[in-house]
Amino acid sequence: MRLAAVIALALATVLTSVRSGAAGEVERAEATALQEEIARYREMLAGDVCAKTGTDDTPPPVDPRKPLPPDAGKPAQGARNLAALLENATAFIVTPLAKGASTGTGFFVGADLVVTNQHVVDGAKDGWVLVASRAGGATKATVEKMTSKAAHPGDLDFALLKLAKPAPGAVQLELDSATEKLDGVVAAGFPGIVTQLDSGLDQLMKGDTSAMPDLVLTRGEINAKFNQRNGVATVVHTAKIAPGNSGGPLVDACGRIVGVNTFMNSADGAAVSANFALAATELNQFLSRANIAATMRTTRCSAGGN
């Protein structure tokens, strides 16, 4: 697949070598800094280092159990503010595999913590992925926790990623369990059919750690909310998603997470499909088991964003 081939080649450039030749000093410095950061993090993992490192201006450690500042979850007022909120809440994920690479979407649940689908990071080579966001640029992240069994469509399918450094602009969205059928929703993510044509991907893969593909937002409405036969609470909706959206948030008009986009189901021989998100209640339980605080709203989002 063209996107996977491009990313596999680019990952080798970004993460295992410093650009030379015509590349500028700033570009090489960015690539070098990312390499050094990855090397330090690998040493910490290998040696189980708990001692403080760095200079006095090193950012203080982030307690993953604490939510981001209260204003981070304020309801969005209008489409423009909702878009801005989602820009700082979501992340683009590249997973290097034994052969090639895959991409997906995630969202912040702490300044240095991102949630995505398990199947987005399954098979990650050496247990790490590349996370790029408007909130913090591109950095390495390790897979800290996944749902207990191999994820198949319809199963619980979550993974928690720990970033090598906090993202200073990260926004943590609130959760919402009060939406009903026909309520409007927005899906946020990085579908491959769009991302593979985005020059931001090329810039990121050439070593510009401040670059990334543009976030894709689509509108829709909730069709159904039910428990599958396996007991997993699920939201069916019409907001368009595609491969690459996996792990991204499905939000209401207030910017609260209704669900996590995870899979699609198509009727054989027919141009009919349904989009499925794992419900926010399932996400809340996953976060709770990881000792991460999240705010669950049980009152409906009004048209004014309250």
Side-chain angles (χ1 to χ4, degrees), residues 3 73 75-76 78-93 102-109 114-120 132-135 151 153-154 157-159 171-198 200 212-226 232-266 272-284 297 301 305:
L3 178 60
R80 180 172 298 178
N81 287 345
L82 177 58
L85 188 73
L86 291 170
E87 289 281 3
N88 289 304
T90 56
F92 175 58
I93 299 171
S102 64
T103 66
T105 305
F107 53 92
F108 289 98
V109 293
V114 167
V115 161
T116 185
N117 282 148
Q118 175 177 321
H119 76 259
V120 169
S133 69
R134 302 291 181 199
D157 190 349
F158 298 118
V171 169
Q172 180 177 349
L173 303 176
E174 296 177 336
L175 311 185
D176 176 14
S177 64
T179 51
E180 298 178 359
K181 285 185 281 189
L182 299 183
D183 281 352
V185 289
V186 172
F190 300 92
I193 57 174
V194 176
T195 299
Q196 65 180 325
L197 301 176
D198 193 325
M212 62 179 291
D214 196 29
L215 179 67
V216 178
L217 305 176
T218 56
R219 290 185 180 275
E221 61 186 22
I222 294 177
N223 300 130
K225 296 177 69 177
F226 59 85
V232 175
T234 303
V235 178
V236 185
H237 63 90
T238 61
K240 291 183 179 179
I241 59 175
N245 275 104
S246 291
L250 180 72
V251 304
D252 64 14
C254 293
R256 302 167 183 165
I257 296 176
V258 174
V260 180
N261 287 314
T262 303
F263 67 101
M264 296 171 290
N265 193 14
S266 300
V272 178
S273 64
N275 306 318
F276 294 82
L278 302 182
T281 50
E282 299 287 5
L283 171 62
N284 194 40
R297 296 295 183 184
C301 171

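Only heavy atoms go into these numbers, but all of them, side chains included; no hydrogens, no water, no symmetry mates.
Contact record, A233 with E282: N-OE2, 2.8 Å, taken as the closest heavy-atom pair. Shortest non-hydrogen contact noted between S177 and T281 is CB-CG2, 4.1 Å. Minimum interatomic distance between V115 and L283 (heavy atoms only, all atoms of both residues): CG1-CD1, 3.9 Å.
The closest side-chain heavy-atom distance from D214 to E87 is below 4.5 Å. N275 has its side chain within reach of M264: a pair of non-hydrogen atoms, C-beta onward, lies under 4.5 Å apart. For the pair L86/L173, a side-chain contact is recorded, criterion being any heavy-atom separation below 4.5 Å from C-beta on. At a threshold of 4.5 Å between non-hydrogen side-chain atoms, the residues F190 and L215 count as touching. Counting heavy atoms from C-beta on, the side chains of H119 and T262 come closer than 4.5 Å. Residues V235 and V185 are not in side-chain contact: their nearest non-hydrogen atoms beyond the backbone lie 4.5 Å or more apart.
In summary, of the residues considered (T90, V260, V186), a side chain to side chain contact (heavy atoms under 4.5 Å, CB included) with P249 occurs for T90 alone.
Atom CG of residue L250 and atom CD1 of residue I241 lie 8.5 Å apart, to the nearest 0.5 angstrom. To the nearest 0.5 Å, the span separating OG1 on T103 from CD on Q196 amounts to 9.5 Å. The structure places CG of D183 at 8.0 Å from NZ of K225, a figure rounded to the nearest 0.5 Å.
In this structure, F276 and F263 have parallel ring planes: the angle between them is below the 30° cut-off, well short of the 60° mark.
Partners of D198 under the salt bridge (Lys or Arg N to Asp or Glu O under 4.0 Å) rule, at least two apart in sequence or in another chain, do not exist in this structure.
In this structure, D157 contributes its side chain and Q118 its backbone to a donor-acceptor pair below 3.5 Å. Within the 3.5 Å criterion, the main-chain N or O of A274 finds no donor-acceptor partner in the side chain of N265.
Sequence neighbours left out, not one pair with a member in residues 241-260 passes ring pair (Phe, Tyr, Trp, His ring centres under 6.0 Å).
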